[in-house]
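To keep things clear, I will list the structure first and then write my remarks on it.
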There are 2 protein chains.
Amino acid sequence: MAWPTRVRMFEVGPRDGLQNEKQEVSPAVKAELVDRLVAAGIGTVEAASFVSPKWVPQMAGSAEVMAAIHRVPGARYTALTPNMRGFEAAREAGVDEVAVFAAASEGFSRKNINCSVAESLEMFRPVVEAAKAAGLPVRGYVSCVLGCPFDGDVPPGDVARVAAALYGMGCYEVSLGDTIGVGTPARARAMLEAVAGDIPVEKIGVHYHDTYGQALANILASLEFGIATIDSSVAGLGGCPYAPGATGNVATEDVVYMLDGLGIETGIDLEALVRTAWWISDRLGRPPVSRVARAMKARLDQA
Amino acid sequence: MAWPTRVRMFEVGPRDGLQNEKQEVSPAVKAELVDRLVAAGIGTVEAASFVSPKWVPQMAGSAEVMAAIHRVPGARYTALTPNMRGFEAAREAGVDEVAVFAAASEGFSRKNINCSVAESLEMFRPVVEAAKAAGLPVRGYVSCVLGCPFDGDVPPGDVARVAAALYGMGCYEVSLGDTIGVGTPARARAMLEAVAGDIPVEKIGVHYHDTYGQALANILASLEFGIATIDSSVAGLGGCPYAPGATGNVATEDVVYMLDGLGIETGIDLEALVRTAWWISDRLGRPPVSRVARAMKARLDQA
């Protein structure tokens, strides 16, 4: 067992997480969540999404969120920008980094962004060009890397092809998402091997969902493969739109607890993170799905 | 990554699990749970506990449970028997296997069974002798192998010493329990290395709790170490008495899902197992804590 000495945690709770919660949260609360996460030591936060408000109504206030954040030097505030219109709005709002998102399966691409995988890549190309011209790094997401709710199994070669296209057009990093959480460690490993044939391992991030409880096991297998960037969502915010009542994004606290135990540095204060998980969960009126947040509550309440 | 081709799942839900649930369940329901688990392909079930009913009131009906079970040839029905009185009662009730339980920490031993670790081992010796004379296998449990709620850290050497004592007195297998679920994969690995200095790896079982969400990652590390016996609890029955509202035993469904994904044989039908998880959870009036049980519900409801 060998793994990186330091891992970069990429926090997606304020955007990916809250977007998939039933209950709406105000831009002010979103901005405060971002501030609390950065105060807990999170270095990169996906704070907003500049997609058409018609598609994703919760994101209408993205510029408001960006304006309300108390920016901390060194922290990185990112946003989704699927097209040029979104990119321009994100740039105006002052984001540090943008992201484009493709699917590894045709079925998901059509249902999620209403075009084929190839068409989505063409739509992203000018965004990546414009971002480069503006000096903004672009992250690429690939969803459904271990299974698709519409197409079922997804061959590792399909994931590698989409990831290589995003990296090839200029994304500085590609985040590989198990959108429906069906993967297990051997499948995750095989998928990573395929992608790492085209992209350096240090340019790969992993984005696991805990829908079937497999996220930490998949992360352990990924660390052993050399992956050092992990996406997660505070309190496990997000749920799973494809399995009502089930868990979505892996909880940041659960990942950080494991990394602490493995002696892997993250720069994150676990107790401050758990307090933040309870803070946002209280606003949603339900406990965090994070095992660590629940287990540490009694101890923190006493302190 | 290499792991065993077959794993033996040791089901502890009907005893360890239900004993730690707030709500009482009748002997008839316990027996039906055992029957349903065996029908789903579970080969070994901890069905009862013959300790003083004064200590653990829920277990007063253990003989009733054993009598109500519809025994299936080949399946193994086990019980806890901390002393000679318990052993005689268990034998009379027709169990196939008995078990004794020690702690790796003095603090837990005193609080849990009211004697020192050394005293507990002396109490178990005649039980193991009597079981051998009666032709019944004896399993040894060690609790607090990765941390103690009273003493804190537990050195791997202490775990190894207690495990070796149990194996030395005649236990056919020793199950190592992370009773408060605080362990992470590197700690688990170090502890297993210490124990495997004294006991063959094929005589070691692991018993992880999911209190901090680490159980599957610890199981993956244990499989890579060569461990092929895993304790778990259907629906994650049990909770954690040391962290109110937190998760206890790892859910059998979550483990089996991972093992299926790794191509490791268990003989268990995951869908039948998930149905059983919901069946017992409905009787307790709350959903299973198992991620897999929740995620698969929608699919099973449609079928």
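This is a predicted model, so every value here is computed, not measured. Here is how names work: the chains are called A, B, and so on, in the same order as the sequence lines, proteins then strands, and each is numbered from 1.
A/Ala186 and B/Gly261 make their closest contact through CB-O, 4.5 Å (heavy atoms, listed as atom of the first residue, atom of the second, distance). Scanning all heavy atoms of the two residues, the minimum distance from A/Gln214 to B/Asp254 falls at NE2-O, 3.3 Å. The nearest pair of heavy atoms linking A/Ala217 to B/Met258 is CB-SD, 3.7 Å.
Heavy-atom proximity under 4.5 angstrom to chain B picks out A/Asp210, A/Thr211, A/Tyr212 from residues 194-212 of chain A. By a heavy-atom distance cut of under 4.5 Å, A/Val289 are the residues of residues 276-289 of chain A near chain B, going up by number.
Expressed to the nearest 0.5 Å, how far CG of B/Leu216 lies from CD1 of A/Ile219 amounts to 12.0 Å. Within the model, atoms CG of B/Leu262 and CZ of A/Arg189 stand 12.5 Å from one another, a figure rounded to the nearest 0.5 Å.
Take A/Asp158 and apply the side-chain hydrogen bond (donor to acceptor under 3.5 Å, both in side chains) test, not counting sequence neighbours, and it matches A/Arg161. Residues passing the side chain to side chain contact (heavy atoms under 4.5 Å, CB included) test with B/Glu265, sequence neighbours excluded: B/Arg6.
Environment of CG in A/Asp260: crowded, with over 12 heavy atoms of neighbouring residues, nucleotides or ligands closer than 6.0 Å.
Residue B/Val182 touches chain A through both its backbone and its side chain, counting heavy-atom pairs closer than 4.5 Å.
Top candidate by heavy-atom pairs under 4.5 Å with chain B, chosen from A/Ala215, A/Ala293, A/Ala295, is A/Ala295.
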